[in-house]
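None of these values were measured; they are calculated from a predicted model.
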Amino acid sequence: YAEKMGRLYPFLRCSPSHGSWMPACRFNPTVTDIKFSFVNNEANFLDGQQFAMTSVAPRILVIEDSLMLIRPLCRLVNKQGFTAVPVTSLAEVRQALAEDPRFMAAVADYCLPDAPNGEVLPLLLENRIPTVVLTAHNDMETRERVLCMPVVDYITKESPSAFEYVMKMLRRIRVNPGIKVLVVDDSQAVRQFLRMQLERHLYQVIEAPDAEQALALLRRESDIRLI
């Protein structure tokens with residue numbers, strides 16, 4: 001598509017056999033596979049475009065009942081140019097939302113003293129707040145239960161890079177709504193799966209079932225940033 005349009009697009013490939021994203025690469029007829037993470041190379045997706053920043057720092061709701069974790073987490077959030085709003089319980093989450101529900105995102109612990117089974121997550125999602133779940137629960141049952149909800153991601157605290165990854169996700173949440181993605185596949189089930197995964201990360205998504213419709217969309221939608 002990019003060759004015919006005379007334009008350059010970044011690509012993501014999805015491997016159904018592995019059920020996961022394959023590495024991204026910028027289209028080049030001589031390059032078959034370039035291995036790098038799109039999260040770590042966000043400039044490739046932005047293609048040099050500068051997104052306008054508001055004068056008021058976006059607010060991030062940080063939900064964590066451990067003071068040993070919430071303090072460094074809030075410091076990292078503030079260093080990214082956001083304003084961290086720390087809360088330690090479901091009751092405090094309700095109070096914060098009642099005072100001002102305008103949050104760019106939430107970083108939420110799954111288990112809170114007054115919400116031990118993730119009861120905070122539906123409340124955040126009802127308020128249309130993109131939510132990154134940061135939790136000590138690493139069992140498959142909890143993971144599957146959480147990922148059935150439209151959360152952005154599920155991250156375990158035991159990972160040494162957990163906080164760093166959360167910061168990267170917050171930066172992506174800030175810019176992803178400005179990125180339009182074209183999903184091309186002849187299988188409706190695959191397109192629906194890819195749409196679900198992309199919309200989880202707040203991308204704008206459009207679909208095409210074949211090359212002809214994809215080319216027509218590329219001609220009509222000049223702001224497509226990713227195929």
Side-chain angles (χ1 to χ4, degrees), residues 37-40 42 51-179 197 199-203:
S37 163
F38 75 90
V39 172
N40 293 328
E42 58 191 44
F51 287 85
M53 299 296 182
T54 60
S55 58
V56 179
R59 299 161 71 236
I60 307 296
L61 188 60
V62 181
I63 309 164
E64 171 60 61
D65 63 323
S66 168
L67 295 180
M68 291 182 61
L69 292 179
I70 197 169
R71 288 169 178 165
L73 187 55
C74 286
R75 282 197 296 269
L76 287 172
V77 169
N78 290 333
K79 278 187 176 181
Q80 304 303 311
F82 306 119
T83 298
V85 179
V87 294
T88 60
S89 66
L90 178 59
E92 291 183 8
V93 171
R94 289 196 174 106
Q95 181 180 349
L97 293 175
E99 292 173 357
D100 188 350
R102 294 172 296 177
F103 290 96
M104 188 196 82
V107 179
D109 189 4
Y110 178 80
C111 181
L112 298 172
D114 54 350
N117 297 307
E119 291 88 347
V120 71
L121 300 181
L123 177 61
L124 296 170
L125 298 173
E126 286 170 11
N127 283 271
R128 304 176 65 85
I129 300 173
T131 301
V132 178
V133 181
L134 181 64
T135 179
H137 287 256
N138 197 24
D139 60 285
M140 188 57 65
E141 182 181 351
T142 301
R143 181 180 180 86
E144 290 179 354
R145 185 185 310 121
V146 171
L147 291 179
C148 282
M149 308 179 198
V151 298
V152 175
D153 214 334
Y154 178 96
I155 305 164
T156 56
K157 295 176 182 176
E158 65 185 27
S159 170
S161 59
F163 280 15
E164 179 185 354
Y165 184 72
V166 169
M167 297 308 112
K168 289 178 180 177
M169 292 310 304
L170 292 178
R171 293 195 297 269
R172 295 306 314 173
I173 288 171
R174 189 173 194 174
V175 300
N176 281 359
I179 300 175
Q197 297 301 318
E199 288 182 341
R200 187 185 292 272
H201 289 263
L202 307 183
Y203 290 100

My understanding is that only residues two or more places apart in sequence, or in another chain, count here; which of them pass salt bridge (charged side-chain N to carboxylate O under 4.0 Å, His left out) with Asp100?
Arg59, Arg102
Within-4.5 Å side-chain heavy-atom neighbours: Thr131 and Val152
no
Indicate yes or no: at least one non-hydrogen side-chain atom of Arg174 is less than 4.5 angstrom from one of Met104.
yes
Please tell me if the side chains of Phe103 and Asn127 come closer than 4.5 Å, counting only heavy atoms from C-beta onward.
no
Under the side-chain contact (heavy atoms from CB on, under 4.5 Å) rule, what do Val107 and Leu61 come out as? Steps first, then yes or no, please.
CA-CA 6 Å; Val107 179; Leu61 188 60; over 6 Å; no
Residue set satisfying salt bridge (charged side-chain N to carboxylate O under 4.0 Å, His left out) with Glu199, at least two apart, ordered chain then number -> Arg195
Test applied, side chain to side chain contact (heavy atoms under 4.5 Å, CB included); reference residue, Val151; option that passes from Val133, Leu124, Val132:
Val133
Quick one: side chain to side chain donor-acceptor pair (under 3.5 Å) pairs with a partner in residues 60-70, sequence neighbours left out?
Glu64-Lys157
Measure from the side-chain N and O atoms of Asp139 to the backbone N and O of Thr142, and report whether any donor-acceptor pair falls under 3.5 Å.
yes
Output the distance between atom OG1 (Thr156) and atom CG (Asn138), rounded to the nearest 0.5 Å.
4.5 Å
Working to the nearest 0.5 angstrom, can you tell me the gap between Lys168 NZ and Ile173 CD1?
14.5 Å
Quick check for you: to the nearest 0.5 Å, what is the distance between Leu134 atom CG and Met169 atom CE?
12.5 Å
Smallest separation among heavy atoms of Ala57 and Gly81, with atom names:
CB-O, 3.3 Å
I need the Ile129 CD1 to Leu121 CG distance, nearest 0.5 Å.
11.5 Å
Sort and list the pairs that fulfil side chain to side chain donor-acceptor pair (under 3.5 Å) and have at least one residue in residues 71-90, not counting sequence neighbours.
Gln80-Arg171, Thr88-Glu92
Atom pair CG (Leu73) and CD1 (Ile60), whose distance is rounded to the nearest 0.5 Å:
10.5 Å
Mind running side-chain contact (heavy atoms from CB on, under 4.5 Å) on Glu164 and Val166 for me, showing each step along the way?
CA-CA 5 Å; Glu164 179 185 354; Val166 169; over 6 Å; no
Indicate the atoms forming the closest heavy-atom contact of Glu119 with Pro122, along with that distance.
O-CD, 3.3 Å
Pairing residues for Thr135 by the side-chain hydrogen bond (donor to acceptor under 3.5 Å, both in side chains) criterion, not counting sequence neighbours
none
Test Val120 against Tyr110 for side-chain contact (heavy atoms from CB on, under 4.5 Å), laying out the working first.
CA-CA 7 Å; Val120 71; Tyr110 178 80; over 6 Å; no
With a 4.5 Å limit on heavy-atom distance, are the side chains of His137 and Tyr154 in contact?
yes
Stepwise, does the side-chain contact (heavy atoms from CB on, under 4.5 Å) test hold for Leu147 with Arg143?
CA-CA 6 Å; Leu147 291 179; Arg143 181 180 180 86; 3.9 Å; yes
Taking only residues two or more places apart in sequence, or in another chain, which ones meet Arg128 in a salt bridge (charged side-chain N to carboxylate O under 4.0 Å, His left out)?
none
What's the separation between atom CG in Asn176 and atom OH in Tyr203, rounded to the nearest 0.5 Å?
4.0 Å
